[in-house]
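Have a look at the structure below, then the notes.
These numbers were taken from a predicted model, which means no experiment stands behind them.
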Amino acid sequence: MIENKNLYLKSAFFGAWLGAIAGAILGAATGALSGMWSGVQFGILLGIIPGMVTGALTGALAVRTAGNTGGVSIGAYSGMAFGAFLGLIFGVFIPESFRVSVLALNVLILNVLMQGPFETAVLASFLLSLLATAVGGWVGGRNLKPRDLESSS
């Protein structure tokens, strides 16, 4: 049974909200590489959904690893590792048709980032690692309970 169910739920919902915002920002930045407004819009929409999933899972993971005593660093490092792993899993399942449509834009940086399945998976892993690091650090810091160091001496 989960000991601190309320903290898990609160952190998962906060992580989902924060992940959606961070995912939209990262998606917009990645979509801007296409040089088209439709690429930015598509990037925002595509960033929100994985951002929410990653944020919610990272929020719950930050409670599991950092609890209310671990703080920002433990939450951030947990999120970093988890985001990289989840991004790699998501990146492996990006359809070949999507990669080919991005390559058809003939933008040099996008050609490099979407050249093959490995490059695409590394890009997804990097982006979700950034997102999960921010969410994990924020949730870990938010859940940290201050300690009274004066009375322990």
Side-chain angles (χ1 to χ4, degrees), residues 1-102 105 107 109-110 113-114 116-147:
M1 193 70 166
I2 297 175
E3 303 176 0
N4 211 345
K5 189 175 180 180
N6 190 29
L7 186 60
Y8 274 99
L9 288 174
K10 192 170 79 169
S11 296
F13 284 126
F14 180 71
W17 176 80
L18 194 60
I21 292 172
I25 292 169
L26 287 173
T30 305
L33 294 174
S34 70
M36 296 182 295
W37 178 243
S38 60
V40 174
Q41 292 171 331
F42 182 73
I44 289 171
L45 291 176
L46 192 63
I48 289 174
I49 295 169
M52 285 181 74
V53 171
T54 305
L57 293 174
T58 303
L61 180 68
V63 173
R64 178 77 178 152
T65 57
N68 55 14
T69 59
V72 175
S73 294
I74 294 178
Y77 288 129
S78 299
M80 187 184 305
F82 175 70
F85 175 73
L86 189 65
L88 195 61
I89 299 297
F90 281 174
V92 166
F93 293 109
I94 291 177
E96 187 70 20
S97 60
F98 177 75
R99 278 190 339 90
V100 170
S101 67
V102 170
L105 294 173
V107 175
I109 188 70
L110 292 176
L113 293 174
M114 295 286 186
F118 175 76
E119 289 85 357
T120 307
V122 168
L123 174 65
S125 180
F126 172 71
L127 291 174
L128 287 185
S129 179
L130 287 175
L131 186 143
T133 301
V135 170
W138 200 324
V139 169
R142 187 173 185 245
N143 292 341
L144 183 64
K145 288 187 177 174
R147 295 177 288 173

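Of all non-hydrogen atoms in Asn143 and Ser11, the two that sit nearest each other are ND2-OG, 2.9 Å. Closest non-hydrogen pair, Val92 versus Ala121, comes out as N-CB, 4.1 Å. Scanning all heavy atoms of the two residues, the minimum distance from Ala62 to Gly75 falls at CB-CA, 4.4 Å. Here the closest heavy-atom approach between residue Tyr8 and residue Ala60 is recorded as CE2-O, 3.4 Å. Summarising the geometry of Ser34 relative to Leu105, their closest heavy-atom pair is CB-CD1, 4.0 Å, with the distance given to 0.1 Å. Closest non-hydrogen pair, Ala24 versus Ile48, comes out as CB-CG1, 3.8 Å.
In this structure, the side chains of Phe98 and Thr120 stay at 4.5 Å or more apart for every pair of heavy atoms. For the pair Leu123 and Met114, the minimum side-chain heavy-atom distance is below 4.5 Å.
For Leu9, the CG atom sits in a packed shell: over 12 heavy atoms of surrounding residues, nucleotides or ligands are nearer than 6.0 Å. Shown here is Phe90, whose CZ atom has more than 12 heavy atoms of other residues, nucleotides or ligands within 6.0 Å.
Taking CG from Leu61 and CD1 from Ile74, the interatomic distance works out to 11.5 Å, rounded to the nearest 0.5 Å. We find the OG-CG distance between Ser125 and Leu130 to be 9.5 Å, quoted to the nearest 0.5 Å. Separation of atoms CG (Leu128) and CG (Leu26) is listed at 8.5 Å; rounding is to 0.5 Å. Rounding to the nearest 0.5 angstrom, the gap separating the CG atom in Leu46 from the CD1 atom in Ile94 is 7.5 Å. To the nearest 0.5 Å, atoms CZ (Phe82) and CG (Leu131) are separated by 10.5 Å. Separating the CG atom in Leu7 from the CZ atom in Arg142 is a distance of 9.0 Å, to the nearest 0.5 Å.
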